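All of these numbers come straight from a predicted model, not from anything done at the bench. By convention in this document, chain letters (A, B, ...) are assigned in the order of the sequence lines, proteins followed by strands, and residues within each chain are numbered from 1.
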Amino acid sequence: MSSRKIRVLVAKPGLDGHDRGAKVVARALRDAGMEVVYTGLRQTPEMIVEAALQEDVDCIGMSILSGAHMALFPKVTELLKKEGVDDILVIGGGIIPEDDIPALKAAGISKLFGPGTPLEEIVEFVRNNVKKA
Amino acid sequence: MKEKLQKELKRWEEESVDNTLKRFPERKDEFITSSGIQVKRLYTPIDSDEIDYSKDLGFPGEYPFTRGVQPTQYRGRLWTMRQYSGFATAKETNERFRFLLEQGQTGLSVAFDLPTQIGYDSDHPLAQGEVGKVGVAISSLADMEVLFERIPLDKVSTSMTINAPAAVLLAMYIVVAEKQGVPMEKLRGTIQNDILKEYVARGTYIFPPEPSMRLITDTFSFCSEKMPLWNTISISGYHIREAGSTAVQEVAFTLADGIAYVKAAIDIGLDVDKFASRLSFFFGSASNFLEEVAKFRAARRLWARIMRERFHAEDDDSCRLRFHTQTAGYTLTAQQPDNNVVRVTLQALQAVLGGTQSLHTNSRDEALSLPTEDSVQIALRTQQIIAHETGVGDTIDPLAGSYYIETLTDEIEKRAMEYIEKIDSMGGAPKAIESGFIQREIHNSAYEFQRSVDSGEQVVVGVNKFTVEEEQSFDYLRINPAAEAEQIKRLQDLRKKRDDSKVKKMLENLRSCAEGSVNLMPAILESVKEYATIGEICEVLREVFEEYKAPDIL
């Protein structure tokens, strides 16, 4: 394993302005020694994928609380596939009803973190599951 | 008397307390509130002996309003039970509204979907997936007509959570009422219209601060002439709190925003006593019970003093802080969701003990999805039980005079004022937001809170203590998946039916008004009447005003 730090893009797709969770997670990842880029609000899937490629990240973490996750999360993994990228870990969080999780996992979102998740659990998951070495 | 009591207190500490501590240490080394205020073991008259009753507390309905803004408070009329709701299409939300009114709710509160809040029509590319999700989709007057069908606008008051395009939705509401035969001077309700907190906490801004403030002062000045019963703004701490602030920060940042609006209105030549009585506020009600009660009281007193001392308001009505409360969404847990009913009950009770004018109680399932009708009914019943069974509204401000409550009220006021002075020295709230100060303060508090939950220091029942293996078996509210397509079709049909040449003319007029400095409300009203859409109106304003780009703050 190289000594390169894990790079994470924390992204807010869609129009949702609730970014408390995204920012807290971003800070926890940073405090855990990762390099974190936060996109800010109102990102389209295209903008997120472009930023991920430009920043050469190992992981994309997306947060949606507005209910638009089924429309937007899979769009990101689809675009990554189109770009021929298969080594970026994609995870999500927010208010995601249990029933939606199987479909999101099938679409390539490796893990979904709901309300009440300890920060350490997210940090560990990223650390153990990034695909690039 | 004071000396004697001090002596007695010392004796009690040495004789009784020390003995007990030797055998049973206290649960924690230090007890603190959400705002970091140290809580003493015991409060006595010594702590509140500097309070001057008539100067600091006074009487309900009189300056400085510490004890409430109404002389009879809930003995006269109970608070307004106002559940925030809206989802899918105007037709479905209209049905939910009529259900709530039949259930005894006394005011409406409209949740709009994100495209509407950000000034996009339902068929805008960025609206994809968001139409009808967190609220109802309103693209034009046609949708607004359906939303209020068979709801008499002369009888209900309506609160609309709309900010950047508040003037547009207000215009639609006025026209719908007019068609019902209700003149605008009779309309009662509120537009949130508070853009400053959108930049720091809620995120539905469109334009940069300067033109946004102009839209706000335009509504102040329009309403002060034509809509005497309308609340022109709801200066909101709720979202600041939800974003992670402490109770003290919530009061401080909200009142700092309020100061900025008052100043902006005075700067365009409005007389403070002409508009200030229509300003209203909105706070959260979170977890620390007594701190929250004290917070509401402190906010009332501090605002009264600011209005009188800083802005020289002569009319007592200008100093009266009236507020809506919502129980804190961030305290709801996805784990053991029925426990949320208890949390909401306590938070609702705090708001009532704090003297709220209206209240929204959250539903138990909101950490999981949008609430079902059953959950909303329990939430409303919670308020009705507090109102009709507990007796807490039978006397005014019942916790006043408690040594602890009064000390805490003082302390919150003092600490909030220190923040406000710091913000003043930065040039006011807009400048403190531009530099990222307020955002960083909130973010730091949010992070610290999460760390204290993760470490177990802050117990959250069912999350980091008293957990159980649970199977998710909750009945979710599913937004009709066809709603987005239906809404888009309605909108596209409308564009074919209306008189496009008139729409164009009105939008051109709006553009030239926006480029100049006249009040924009009349031009917006004319555009809305011709069924110009919210997207078209905001697009014209986007072209003239440009869009706000948030600074990168982490």
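- For the atom pair OG1 (Thr204(B)) and CG (Asp16(A)), the distance works out to 10.5 Å, reported to the nearest 0.5 Å.
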Exercise for the section: Go through the steps to decide whether Ile442(B) and Lys23(A) satisfy the test side-chain contact (heavy atoms from CB on, under 4.5 Å), and finish with yes or no. Expected result: CA-CA 11 Å; Ile442(B) 296 171; Lys23(A) 281 155 82 177; over 6 Å; no

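- Taking chain A as the reference chain and counting heavy-atom pairs below 4.5 Å, the highest number among Ala550(B), Pro551(B), Gly203(B), Gly135(B) is found for Gly203(B).
- Using a 4.5 Å heavy-atom threshold, the side chains of Gln450(B) and Arg27(A) count as separate.
- For the pair Val24(A) and Tyr447(B), the tightest heavy-atom approach, listed with the atom from each and the gap, is O-CE1, 3.7 Å.
- With respect to chain A, the highest number of heavy-atom pairs below 4.5 Å among Thr333(B), Leu126(B), Asn464(B) belongs to Leu126(B).
- Of all residues in residues 33-53 of chain A, those placing a non-hydrogen atom less than 4.5 angstrom from a non-hydrogen atom of chain B are Tyr38(A), Leu41(A), Arg42(A), Thr44(A).
- Looking only at heavy-atom pairs under 4.5 Å with chain B, the residue among His18(A), Lys12(A), Arg30(A), His69(A) that has the most is Arg30(A).
- Heavy atoms of Gln117(B) lying under 4.5 Å from chain A are absent altogether.
- The distance from the OH atom of Tyr120(B) to the CG atom of Leu15(A) is 7.0 Å, given to the nearest 0.5 Å.
- Scanning both residues, Val134(B) and Ser66(A), for their nearest heavy atoms gives CG1-O, 3.4 Å.
- The number of heavy-atom neighbours closer than 6.0 Å to CZ of Arg451(B), taken from other residues, nucleotides and ligands shown, is 12 or below.
- Within residues 70-82 of chain A, the residues having any heavy atom closer than 4.5 Å to a heavy atom of chain B are Ala71(A), Leu72(A), Lys75(A), listed by residue number.
- When heavy atoms are compared at a cutoff of 4.5 Å, Tyr205(B) approaches chain A by way of both its backbone and its side chain.
- Comparing Val463(B), Ile118(B), Leu332(B), Val131(B) by heavy-atom pairs within less than 4.5 Å of chain A, the highest count is held by Ile118(B).
- Using non-hydrogen atoms only and a strict 4.5 Å limit, the part of residues 106-125 of chain A facing chain B consists of Pro115(A), Gly116(A), Thr117(A), Pro118(A), Leu119(A), Glu120(A).
- With sequence neighbours left out, the side-chain contact (heavy atoms from CB on, under 4.5 Å) criterion links Glu434(B) to Lys431(B).
- Ranked by heavy-atom pairs under 4.5 Å with chain A, the first of Gly129(B), Gly462(B), Ala127(B), Pro125(B) is Gly129(B).
- For the atom pair Asp19(A) CG and His443(B) NE2, the distance stands at 9.0 Å (nearest 0.5 Å).
- Per-residue counts of heavy-atom pairs under 4.5 Å with chain A were compared for Pro115(B), Ala243(B), Ser369(B); the largest is that of Ala243(B).
- If you measure heavy-atom distances from Glu198(B) to chain A, you find no contacts under 4.5 Å at all.
- The NZ atom of Lys133(B) sits 9.5 Å away from atom CD1 of Ile64(A), with the distance rounded to the nearest 0.5 Å.
- Most heavy-atom pairs under 4.5 Å with chain B: of the set Val25(A), Val10(A), Asp31(A), this distinction falls to Asp31(A).
- Of the atoms belonging to Ala22(A), not a single heavy atom falls under 4.5 Å from chain B.
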